[in-house]
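Reading through the structure tokens given below for one structure.
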2 protein chains.
Amino acid sequence: MPAQMEIATSATALKARTAWMADLDREPLQMTGTVVHVGEGREIFAEGDDTHLFYKVISGVVRVCRFLSDGRRQIEAFHVEGEVFGFELGEERTLSAEAVSDCSLVSYRRGHIETLAKKDQAVAHQLFQYAMKNLAQAQGHCLVLGRRGAAEKVASFLLGWAQHSMEKGVVHLAMTRQDIADYLGLTIESVSRSLSQFERDGVIALPNARQVRMLNTDALEDLVA
Amino acid sequence: MPAQMEIATSATALKARTAWMADLDREPLQMTGTVVHVGEGREIFAEGDDTHLFYKVISGVVRVCRFLSDGRRQIEAFHVEGEVFGFELGEERTLSAEAVSDCSLVSYRRGHIETLAKKDQAVAHQLFQYAMKNLAQAQGHCLVLGRRGAAEKVASFLLGWAQHSMEKGVVHLAMTRQDIADYLGLTIESVSRSLSQFERDGVIALPNARQVRMLNTDALEDLVA
DNA sequence: CGCTTAATTGATCAGGGTCAATCGTGGTGG
DNA sequence: CCACCACGATTGACCCTGATCAATTAAGCG
């Protein structure tokens with residue numbers, strides 16, 4: 001368990017109705033977790049770690065990834081508020097996770113939740129839903145990775161990310177170009193070039209590297225087809 | 001529901017201890033399914049279909065895939081004996097499935113199983129396990145798709161497939177080159193060239209297009225790293 | 001105000017896509 | 001039984017996209 005994660009307070013002690021508790025009634029996991037804060041770039045867990053904890057994102061963005069022996073990195077998924085990540089079948093992790101931005105998470109004890117799930121079918125159902133959500137995400141990711149063109153991939157990523165973090169037509173990218181590249185199986189240069197090209201085509205505007213104004217969503221959707 | 005699937009017999013009526021029932025005791029889904037046979041190349045379900053059925057493979061190989069509007073196909077996964085496929089979150093399927101070879105499957109009614117799962121935690125747990133298995137598979141697939149080289153991808157596929165169907169050092173490929181290509185995000189030609197190169201390098205032998213004799217597994221594993 | 005790191009842009013190159021021809025094999029029908 | 005056909009697989013030639021290498025710009029931050 002990484003030292004850089006600071007335990008803020010037990011979730012059970014939290015009285016304030018914060019965002020992650022917004023749907024209390026439909027959230028059987030509510031009372032069982034511990035809130036932790038993780039600074040930008042910090043490790044949440046690493047390949048080879050024990051799998052006895054898993055997490056739910058309260059705020060911030062998390063990347064889950066795998067490293068190849070030659071140093072390349074494949075980002076499996078970005079996780080945002082409300083999403084659960086970090087459960088695996090085996091005892092030992094095959095993936096690692098880091099905070100893309102400062103994050104607040106709830107950590108759950110796997111064994112504890114499994115015990116709960118045995119008694120309470122609502123917990124079991126919730127767990128299953130989270131697993132399925134992640135599965136659907138991974139399958140969508142496969143589709144993007146299988147796509148031929150770099151522009152297609154970047155467009156696909158933009159549209160997907162826009163669904164999370166668009167505000168008045170402006171998407172805030174929490175992650176670096178390198179993160180995007182590692183997510184899409186491209187190089188940083190290809191990502192940059194695709195974005196520049198979109199801007200030249202008047203499809204997006206880039207007020208700064210982290211802000212994308214969506215000018216012509218349809219054009220992107222045509223690309224993704 | 002495709003007409004080409006012929007219902008053989010209710011699973012509950014099956015007395016013979018066939019392979020798919022081998023681990024009866026650990027299989028809470030055992031008594032609830034219907035056995036169907038699907039001929040090679042036949043559709044099992046299509047994008048847009050209802051999700052009220054899901055399946056378990058008794059024998060044969062199934063491909064689960066998605067079609068892009070321009071006709072390209074991304075194969076999400078190949079499923080073999082013992083694997084479960086075809087459950088999705090929504091009411092409507094986002095994926096289609098076809099028989100790569102003649103298949104025997106058990107189909108389960110989603111609603112029925114969900115009712116069971118509410119009463120029997122063992123069923124719920126089993127379902128969760130299957131979902132997680134598919135998740136792990138999809139994540140592994142992402143890793144392969146993200147890889148740079150064609151040879152790396154093909155090597156990775158061969159090693160993965162060998163774990164299912166190797167027999168005395170010979171792997172039988174149930175699928176065509178096109179299937180492999182669509183699974184790996186390559187063209188048929190690139191797959192063929194990679195295999196030919198492996199053969200020239202003495203890493204494999206290709207007695208015929210569907211048989212691969214593994215001569216130097218280590219060399220392949222080095223490629224995949 | 002420099003220093004550091006991220007991002008963009010340009011030039012070149014190689015891997016894989018594309019197009020096309022050939023080979024091989026299994027199935028069918030004369 | 002064999003000839004032919006159809007389809008999958010292989011091989012070759014060429015081209016294009018994206019990787020690589022390198023230089024420049026931009027943006028935080030002490």
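The analysis underlying the following values was restricted to heavy atoms, covering all of them including side chains, and did not include hydrogens, waters or symmetry mates. Just so it is clear: chains get the letters A, B, ... in the order the sequence lines come, proteins before strands, and each one is counted from 1.
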Nt span of DNA chain C in reach of chain A heavy atoms at under 4.0 Å, 5' end first, is C:dA7 to C:dA11
B:R177 CZ to D:dC7 C1', in whole Å, measures 14 Å
To the nearest angstrom, the CZ-P distance between B:R210 and D:dC7 comes to 15 Å
B:F198 CZ to D:dA9 C1', in whole Å, measures 17 Å
Self-check item: Sugar-phosphate only, base, or nothing, as touched by A:L186 at under 4.0 Å among non-hydrogen atoms
Solution: sugar-phosphate
Residue pair B:L206/A:G185 against DNA chain D: nearer the 5' end by closest nucleotide is B:L206
Review point. Counting only side-chain N and O atoms of B:S196, is one of them less than 4.0 Å from OP1 or OP2 of D:dT10?
Key: no
Value for CD (B:Q197) from CZ (B:R200), rounded to nearest 0.5 Å, stands at 4.5 Å
Next on the checklist: Is any side-chain heavy atom of A:L158 closer than 4.5 Å to one of A:L195?
Outcome noted: yes
Parallel under 30°, tilted from 30 to 60°, perpendicular over 60°: which one fits the rings of B:W161 and B:H164? perpendicular
When rounded to the nearest 0.5 Å, the distance separating CZ of A:R73 from OG of A:S96 is 8.5 Å
Looking just at side-chain N and O atoms, do A:E88 and A:T94 make a donor-acceptor pair shorter than 3.5 Å? yes
Pairing string of DNA chain C (Watson-Crick or G-U wobble, both atom distances under 3.5 Å; | = paired to other strand) is ||||||||||||||||||||||||||||||
Only residue of A:M175, A:R63, A:H141 satisfying side chain to side chain contact (heavy atoms under 4.5 Å, CB included) with A:Y183 is A:H141
The nucleotide from D:dA9, D:dT11, D:dA19 with an atom nearest the side chain of B:R193 is D:dT11
B:E189 CD to D:dA9 C1', in whole Å, measures 10 Å
Give the intermediate values and the outcome of salt bridge (Lys or Arg N to Asp or Glu O under 4.0 Å) for residues A:R93 and A:D49. CA-CA 5 Å; A:R93 296 201 178 279; A:D49 281 1; 5.3 Å; no
Rounded to the nearest 0.5 angstrom, the CG-CZ distance for B:N216 and B:F198 is 11.0 Å
Separation of D:dG28 atom C1' from A:N208 atom CG, nearest Å, is 12 Å
When rounded to whole Å, the CD to P distance for the pair A:Q197 and D:dG18 reads 11 Å
Atom CE of B:M175 and atom P of D:dA9 are separated, to the nearest Å, by 11 Å
Per atom distances to the B:R200 side chain, the nearest of D:dA22, D:dT11, D:dA19 is D:dT11
Ring pair (Phe, Tyr, Trp, His ring centres under 6.0 Å) with A:Y55: of A:Y130, A:F87, A:F85, A:Y108, only one passes, and it is A:F85
Rounded to whole Å, CD1 of A:I188 lies from P of D:dT20 at a distance of 12 Å
What nucleic acid atoms does B:R148 come within less than 4.0 Å of, heavy atoms only: base, sugar-phosphate, or nothing?
-> sugar-phosphate
field: CZ (B:R72) with more than 12 external heavy atoms under 6.0 Å
entry: yes
- Query: Would you say the side chain of B:Q178 and the base of D:dC7 hold a donor-acceptor pair, judged only by whether the two atoms sit under 3.5 Å apart?
  - Reply: no
